Amino acid sequence: MSMIVISMPIPPEKYAEWRNAMEEFAGARRDEYTAARARQGVIRQGVFVDHTPDGPREIMVMEADDPGRTLELMATSEEPFDVEFREFLMSIYGLDLSEPPPGPMPEMVLDWRAPVPAQDG
């Protein structure tokens, strides 16, 4: 299992739209969101907002077998929810998933997990 973390500034004038979408993905549209992430091989995802002096930032943490492949599937799927999700990313961030950002994926520099206790037996 691999993990990726992506941080993006949320334009302050888009914050209410972003927040509303997060509430929908966690609530009324949770089944659609869940189905999309399952299709894309996501095991776990967390989205955080960091209120910085420069404005809000989204911090997204995703666990998947192959995060690069997951992002590729998000960029190319023709499922209605996925198309709409790409439109959401374009509206909020100006992010076009079909045009990968320059440079490599974020580099993980530490991956710590609690040791699994030994089983008696």
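All figures in this text were calculated on a predicted structure; none of them were measured in a lab.
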With rounding to the nearest 0.5 Å, note down the distance linking CD1 in I59 to CD1 in I6.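 Going from CD1 on I59 over to CD1 on I6, the span is 12.0 Å.
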If I take atom CZ from residue F85 and atom CD from residue E32, how far apart are they, to the nearest 0.5 angstrom? 12.5 Å
Would one find more than 12 heavy atoms of other residues, nucleotides or ligands at under 6.0 Å from atom CG of N20? yes
Could you tell me whether the side chain of R86 and the main chain of M74 form a donor-acceptor pair under 3.5 Å? yes
Taking all heavy atoms of [X] and all of [Y], pick out the closest pair and write down the distance.
{"X": "A75", "Y": "S98", "value": "CB-N, 4.2 Å"}
{"X": "G41", "Y": "A64", "value": "O-CB, 3.3 Å"}
{"X": "D111", "Y": "M3", "value": "OD1-CE, 4.1 Å"}
{"X": "S77", "Y": "D82", "value": "OG-OD2, 2.5 Å"}
{"X": "Y15", "Y": "I10", "value": "CA-CG2, 3.9 Å"}

Could you walk me through whether V47 and W18 pass the side chain to side chain contact (heavy atoms under 4.5 Å, CB included) check? CA-CA 11 Å; V47 177; W18 178 88; 3.8 Å; yes
Shared ILVMFWY cluster between [X] and [Y], side chains joined below 4.5 angstrom?
{"X": "M8", "Y": "V5", "result": "no"}
{"X": "L71", "Y": "V42", "result": "yes"}
{"X": "M108", "Y": "F48", "result": "yes"}

Matching residue for F88 among F81, Y33, F25 - test: ring-ring contact (aromatic ring centres under 6.0 Å, His included):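 Among the candidates, only F25 passes.
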Is there a side-chain contact between [X] and [Y], using heavy atoms and a 4.5 Å cut-off?
{"X": "M62", "Y": "Q40", "answer": "no"}
{"X": "E78", "Y": "V83", "answer": "yes"}
{"X": "I4", "Y": "T70", "answer": "no"}
{"X": "M22", "Y": "V49", "answer": "no"}
{"X": "I92", "Y": "E58", "answer": "no"}

T52 and R57 side chains, donor-acceptor separation under 3.5 Å: no
